[in-house]
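By convention in this document, chain letters (A, B, ...) are assigned in the order of the sequence lines, proteins followed by strands, and residues within each chain are numbered from 1.
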Protein chains: 2
Amino acid sequence: MIGIEQRVAIFEGQLKQAGLRMTQQRRLILRILAEAHDHPDAKGIFTRAFEHDPTLSLSTVYRTMKLLESQGAIERHAFEDGVSRYEHADQQHHDHLIDVETGQVVEFSSPEIEALQAKIAAELGYEIVRHRLELYARKLPKAGRKRVKKDV
Amino acid sequence: MIGIEQRVAIFEGQLKQAGLRMTQQRRLILRILAEAHDHPDAKGIFTRAFEHDPTLSLSTVYRTMKLLESQGAIERHAFEDGVSRYEHADQQHHDHLIDVETGQVVEFSSPEIEALQAKIAAELGYEIVRHRLELYARKLPKAGRKRVKKDV
DNA sequence: ATGCAATTGCAAATGATTTGCATTATTCCT
DNA sequence: AGGAATAATGCAAATCATTTGCAATTGCAT
C-alpha cells in the first residue's frame with residue numbers, strides 16, 4: 001500500500017498527461033478515498049469530504065469518481081442494492097463477501113476460483129474480460145469457526 | 001422444464017393460498033416469461049406483452065415481477081448495466097457469462113466453483129446465503145475453440 | 001348476481017446519477 | 001507576478017429505472 005501523498009502525486013501526473021487539472025476538490029476526494037477502509041458510495045464520500053470543504057458539491061464527487069475510474073485509480077462496485085461503491089485500486093485483485101446482516105464487506109481472493117472461471121469460459125469459447133463475484137453470507141456461530149479448543 | 005399451462009396452474013394455486021388473484025395480466029406475463037429464452041428486463045416484457053394486450057401498463061409488469069419473485073416463480077438478475085432482468089425459476093441453479101460485445105447471456109454452472117465459494121466463506125467464518133457470479137467475456141477466435149479439424 | 005377486497009392504469013414521486021450553463025479556478029506563458 | 005485560455009465547479013434541472021398513491025375496475029366467494 002502506498003501513501004496518500006504518493007497517490008496524489010501519481011494522479012496529478014496522470015492528469016497532466018491528459019491535459020487535466022489537479023483541483024482542491026480532487027485532492028480532497030483522493031485523500032478521503034485513501035483514508036477509507038470501507039467501500040463508500042458517492043454520498044458517503046461527499047459527506048466525509050463535506051466536513052473539510054462545505055462548498056463541495058455532490059456532482060463533483062460523481063464527476064471525480066468517474067474520472068478516477070477512467071484513470072484506473074479506483075474501482076467501482078455495485079452490490080445488490082444497486083448503488084455504486086468505490087475503493088482505491090492500489091491493491092491486488094479480490095472479490096467481496098457481503099454480510100447480509102450488517103452489510104459489512106469482507107475482501108478475499110481465490111486463485112483457484114479464478115482458474116476455474118477461465119476454464120469454464122474457455123470451454124464455452126470465451127476469454128474473460130472481467131468478472132463479478134459476490135458472496136452474500138451470514139456469520140457462523142462461533143462454534144463453527146476454526147479456533148483453538150477451549151471449552152469442549 | 002414444465003409446460004406453460006402447468007406453470008400458470010401452479011402459480012394460480014400459490015396465489016389462492018395467499019388470498020391473491022389470478023388476473024389476465026398476470027396470466028399474460030407468466031406466458032411471456034415461459035416463452036422467453038433470454039433474460040428480458042421489465043420494458044422488454046412489457047413490449048412483448050403489450051402486443052397481446054395494449055391496455056397493460058408498465059407498472060403492472062413491475063408489480064407482477066415483484067410478486068413472482070417473492071413467490072419464487074422467477075429470478076431477478078442485475079448485470080452490469082444495472083437494470084433488472086428476469087428469468088423463470090424452474091431450472092437448476094446456474095451463473096451467467098455475458099458476451100461483452102453482443103450482450104448475449106450464456107448460462108453455466110460449476111459445482112467446483114460453488115464448493116470453493118462455500119469453503120472460502122467458511123474460512124472467513126460465514127455461510128453463504130446466495131451469491132452472484134458473472135463472467136464478462138469475449139468470444140475467442142474459432143481457431144482457439146474445441147472443434148473437428150477441417151481446414152488445416 | 002352482488003359485494004368486498006385485490007388489482008390495475010395513470011400520473012406523480014423517488015433515488016441515484018448525469019448534464020447544461022454561467023461562474024470560478026488552474027495552468028501555461030511572458 | 002499578471003493575463004489569457006479553458007478545464008472544473010456548483011447549482012438546478014434532466015434522466016432513467018422503479019415505486020407508489022389513488023380512483024376506477026375486476027376477480028372471486030357467497
How long is the line joining [atom1] of [X] and [atom2] of [N], in whole Å?
X     : N      : atom1 : atom2 : result
B/H77 : D/dT18 : NE2   : P     : 14 Å
A/L58 : D/dT9  : CG    : P     : 13 Å
A/I29 : D/dT9  : CD1   : C1'   : 11 Å
A/L15 : D/dT9  : CG    : P     : 10 Å
B/R63 : D/dT20 : CZ    : C1'   : 7 Å
B/Y62 : D/dG21 : OH    : C1'   : 18 Å
A/L20 : C/dA25 : CG    : C1'   : 15 Å
A/M22 : C/dC28 : CE    : P     : 13 Å

Taking C/dC10, C/dT17, C/dT8 as options, the one with an atom nearest any side-chain atom of A/V83 is C/dT17
Let's see if you can work this out: which of D/dG10, D/dT20, C/dT8 has an atom nearest to the side-chain heavy atoms of A/T55? D/dG10
Once salt bridge (Lys or Arg N to Asp or Glu O under 4.0 Å) is applied, what residue pairs with a partner in residues 92-112 of chain A remain, sequence neighbours excluded? A/E101-A/R138
Is [X] close enough to [N] that one of its side-chain N or O atoms is under 4.0 Å from OP1 or OP2 there?
X     : N      : result
B/S84 : D/dA17 : no
A/K66 : C/dT18 : yes
B/Q25 : D/dT26 : no

Salt-bridge criterion met for A/R130 and B/E80 (N-O under 4.0 Å):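 The answer is yes: the pair qualifies as a salt bridge.
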Hey, is B/R31 close enough to B/D53 for a salt bridge, meaning N to O under 4.0 Å?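 Looking at B/D53 together with B/R31, the answer is no, because their closest N to O distance does not fall below 4.0 Å.
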For the helix from C/dA1-D/dT30 to C/dT30-D/dA1, measure the angle between the helix axis at one end and the axis at the other, each built from five pairs, rounding to 10°. 30°
Side-chain donor or acceptor of A/R21 under 3.5 Å from a matching atom on the base of D/dT6? yes
Under 3.5 Å, is there an N or O donor on one side and an acceptor on the other linking the side chain of B/R26 and the base of D/dG27?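 Result: no qualifying N/O pair found.
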Counting only N and O atoms by type, is there a donor-acceptor contact under 3.5 Å from the side chain of B/R132 to the main-chain atoms of B/A78? yes
What is the ring orientation for A/H77 with A/H96, classed by angle as parallel under 30°, tilted 30 to 60°, or perpendicular over 60°?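 Perpendicular: the ring planes of A/H77 and A/H96 meet at over 60°.
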Using the closest heavy atom to pick a nucleotide of DNA chain D for each, name whichever of B/K16 or A/Q24 lands nearer the 5' end. A/Q24
Are A/L28 and A/I45 linked, directly or through other ILVMFWY residues, by side chains that come within less than 4.5 angstrom of each other? yes
Which is true for A/T23 with a 4.0 Å heavy-atom rule: it touches a base, it touches only sugar-phosphate, or it touches nothing?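 Here A/T23 touches the backbone only, sparing every base.
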May I have all residue pairs that pass ring pair (Phe, Tyr, Trp, His ring centres under 6.0 Å) and include part of residues 47-67 of chain A, sequence neighbours excluded?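 Checked against ring pair (Phe, Tyr, Trp, His ring centres under 6.0 Å) - neighbours excluded - the pairs reaching residues 47-67 of chain A are A/F46-A/F50.
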